[in-house]
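All chains are named by letter (A, B, ...) in the order of the sequence lines, taking the proteins before the strands, and each is independently numbered beginning at 1. Predicted, not measured: the structure shown is a model, and the values here were computed from it.
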Protein chains: 2
Amino acid sequence: MVTMGDIAIKVGVSQATVSYVLGGRAARGKVSPETRQRIVKTARDMGYQRNQFARAMVTGKSRILTILTAPDHSENQSRILAGAHEAANQNDYLLKVQHISTSFMDEATVARLLEWRPAGALMLGLEEPLQDELYAKLNAWGIFLTTVDNARQYEHSLHVTSDNESGIWQAMDHLIALGHRRIAFLGGRPNILSLDREHSFRTRLVEAGLPVVESWIRQSSWSNFEVIAENAVAILESSVGRPTAVVCASDTAAMVVLRIARAHGLRLPADLSVTGFTNSTLSAVADPPLTTIEQPFHEMGYAAAMYLVQRAESPETAEPLLSPLLLPTRLIIRESTAPIS
Amino acid sequence: MVTMGDIAIKVGVSQATVSYVLGGRAARGKVSPETRQRIVKTARDMGYQRNQFARAMVTGKSRILTILTAPDHSENQSRILAGAHEAANQNDYLLKVQHISTSFMDEATVARLLEWRPAGALMLGLEEPLQDELYAKLNAWGIFLTTVDNARQYEHSLHVTSDNESGIWQAMDHLIALGHRRIAFLGGRPNILSLDREHSFRTRLVEAGLPVVESWIRQSSWSNFEVIAENAVAILESSVGRPTAVVCASDTAAMVVLRIARAHGLRLPADLSVTGFTNSTLSAVADPPLTTIEQPFHEMGYAAAMYLVQRAESPETAEPLLSPLLLPTRLIIRESTAPIS
DNA sequence: CTGAAAGCGCTAACAA
DNA sequence: TTGTTAGCGCTTTCAG
C-alpha cells in the first residue's frame, strides 16, 4: 500500500509535511495552501489510506474500544451493539467485540483484550460477580469502563441504561387509566434490572392506592419459557383470585402470559390486559399485538461508546458523568390492553 | 505497559532473545531452556502483553478480519457473528464488524475498512449489486473474501451456507410422509436464497409426483409482516382451494401463516400443517410450536472466518475450497405438523 | 546459543 | 513555510 513517503516523493516535499497535511495538522507545520492541495490530491490519486497501526504505535493510543459481552443473540443486545458501532465508526474507532461467558473470564481472554491496548471498554449482559471483577481489573489497567443496561453503577465508570422506573410507570398509568385495580407483575431473571422494575411497580401501586398482592408479584426468567410459564400460571391461578392486568418486565414474558391466558380460556384483551417491556420486533406480531414500553437500545450503545471516545480523546475535558445516564422510554399502545369490563 | 525491552533488561539478555522466546520462535534463536524459562517467568511476573500494533507494523500483517454487514438485529446474523468471533478469537485475530447499508458503501466506510489493513473479509446480508461491487473492490485490494448465507458464489472467494436444498427436502419428506399432497410454499424476499428454496421445493414436488400449484407458491419478505400476511392470505384463499400444508422459507413466515390460519378458523395443526425454516428461539414458543429446519449459523460463521485465517496464515497451503461449503440442516419436529385428516 | 542493528509507517519536537 | 530527526515496540537478518 502507498505510504506518506511515496506521496512525499511524488509531490517533492518531506514526509513530515505530508503527515501534517493528511493528519489535519497543516496549521502546525503552516503548510501553504498550494502544497496542501497538491498533497491532498496526490494522496487521493494514489489511493492512500492511513495506517492505523503506525499511528497507534507512535501516539500510544489505539482507537480501539472493547465491548465485553456474553452473546445472547437477542435483538436488544444487537441494537446496543449497533449503536456502539455507529459511535465508534463516526469517530474512526474500531469496536472490538469480545465474547465471554456471563460469569467468567480466563487468562487467554484477558490477553486478547490487552494485546490491542483498548482506549476504553463497554460491559454488557454479565453476571454481577464478574462485573465487579472486571471493573476492578480494568481500573487497575487504567482502562475506563462504561456499563450498559443491566449493571451496577461503579464509582469510576459510566452506567447507561433506559429509564426503567418511568417505563414501568408509563405502563401502569396506562392500565390505571383503563380502570384496572388488580394488577400483577411478572419479572425476568431476578437481577438488578428486573428487581428495579419490580420496585418501581410496587412504588406506583402504593402511590395509586392499589392493593399489593404478593402472589401476583413474581420474578421468572428473561428467556427460559418454561420458567416464565410456571410463574404466569401461578399468577393466573392465585388463590386470591385473578388480576385483570399483568405488567411484564419483558416482551417475552408478556407473550408467554398471552399464551397461558388463552389456554385458561380467557379472552384477550377483554379478560386480561398485558403489557410488555422492550418493544421487540415480535411484540407487533404477538396475538394480540402487545402494548409495550420501547427502550432506546441503539441510543444506549451509542451514548456509551460516545462517552468512551470523548474520554479517550480528552481525558481532562470529559464530563464527570458519573451518575447513571437514563435514556427515556416510550409507551407503545397496541391491542393487548383494554378498559376493564 | 511493559515491553520486551523491559523484560530483556530484567533478565539480562537482549531484546531479540525475548522476542524469540515470547514469539514461540525460541528454536530460531536457539535459546537455551534455562533462559527460556527465565524469560517466560519474568514476562508473566511483569504482566507483559504482546503489542499487536508493533507486531503488525513489522510483519505487515494485521490479524484483523473485517465483516461487512447490514445489521438486521436477527438471531441468525447474531449467531453467524458469534461463530466468526469464536474462530477469530481462537486464532488471536480481531473481528472488525463494519456496519454498512444493504445497498451502498461510501468513501468514508471504505477508508475505515482499509485503514486497518484487514487480512480477510466476510460479507453478510447485502443486496446483490453491492455484493458484486464489493467483491470486485476487495479483489482489487488483494483482500480475500468469504460470503456467508445469502450470496452468490464468486470465482475467487469462498461461499459458506447451509444446505438449503436438503433442508427443504427434509421438510417436504416429513409432510409427504404424513400424507400431505396439497403443499404450498411461502418464501421470503425473492433473493438468491429464497429462490433457491423455491426451486428445491418445486423439484421435490415433481419428484414426488405432486401437483405444482402456482397460486400456492409465493415469495414475500423475510421481515415485513404485512407483506408476509398478504401472501399467506393469498395462499389460503386461493381460488383452486386450500393446501393442507405450507412449507415456509422462514420461521417468521411460518408464524404469520399460523396466525392467519387461525383467523380463518382453521384448527392447527389438524386443518393445516406448517413448517418453518431456521429453528429460531421463537419457533419453540409459537402456538403451536413449530416444526422447522435447523440451520447451523454459528458453524457457518465459524467456518467462514476459519478459512480466512488459514488463508491469511499460509496462502499457499489454503485449500482451494472454491465451491460452496454447504453445512447440514436438521429437521426439528414439533407440533405444527400433523398427519392429513 | 545470544546480541546488534535495521526498519515497518507514522507523529511530533526541533531546526532551518 | 518546510525539512530533519528521533523514536513507538517489535521481527528478523546477520554476526558473533
Q.
Just the rounded figure in Å: distance from P of D:dG9 to CD1 of B:Ile9.
A. 12 Å
**Q.** Distance test, side-chain N/O of A:Ser14 to OP1/OP2 of D:dG3, below 4.0 Å
**A.** yes
Q. Within the pair B:Ser19 and D:dT11, is there a side-chain N or O less than 4.0 Å away from OP1 or OP2?
A. yes
**Q.** Protein-nucleotide distance (B:Tyr20, atom OH; D:dT12, atom P), rounded to Å
**A.** 9 Å
Q: Residues of residues 108-119 of chain B with any non-hydrogen atom less than 4.0 angstrom from an atom of DNA chain C: list those, numerically ordered, please.
A: none
Q.
Output the rounded distance in Å from NZ (A:Lys61) to P (D:dG9).
A. 15 Å
Q.
Quick check on side-chain hydrogen bond (donor to acceptor under 3.5 Å, both in side chains): which of B:Thr146, B:Thr147, B:Asp132, B:Asn139 does B:Tyr154 satisfy it with?
A. B:Asp132
**Q.** Closest contact, heavy atoms only, B:Leu68 versus B:Leu126
**A.** O-CD1, 4.2 Å
Q: Using a cut-off of strictly less than 4.0 Å between a heavy atom of the residue and any atom of DNA chain C, enumerate the qualifying residues of residues 35-59 of chain A by number.
A: A:Tyr48, A:Asn51, A:Ala54, A:Arg55, A:Met57, A:Val58, A:Thr59
Q: Could you state the atom-to-atom distance from CE of B:Met4 to P of D:dG7 in whole Å?
A: 21 Å
Q. Which whole-number value in Å describes the distance from B:Leu22 CG to D:dC10 P?
A. 9 Å
Q: Find out whether A:Asp92 and A:Arg50 are in side-chain contact, i.e. whether some heavy atom of one side chain is under 4.5 Å from a heavy atom of the other.
A: yes
Q.
Tell me the interatomic distance from A:Arg25, atom CZ, to D:dT1, atom C1', rounded to whole angstroms.
A. 17 Å
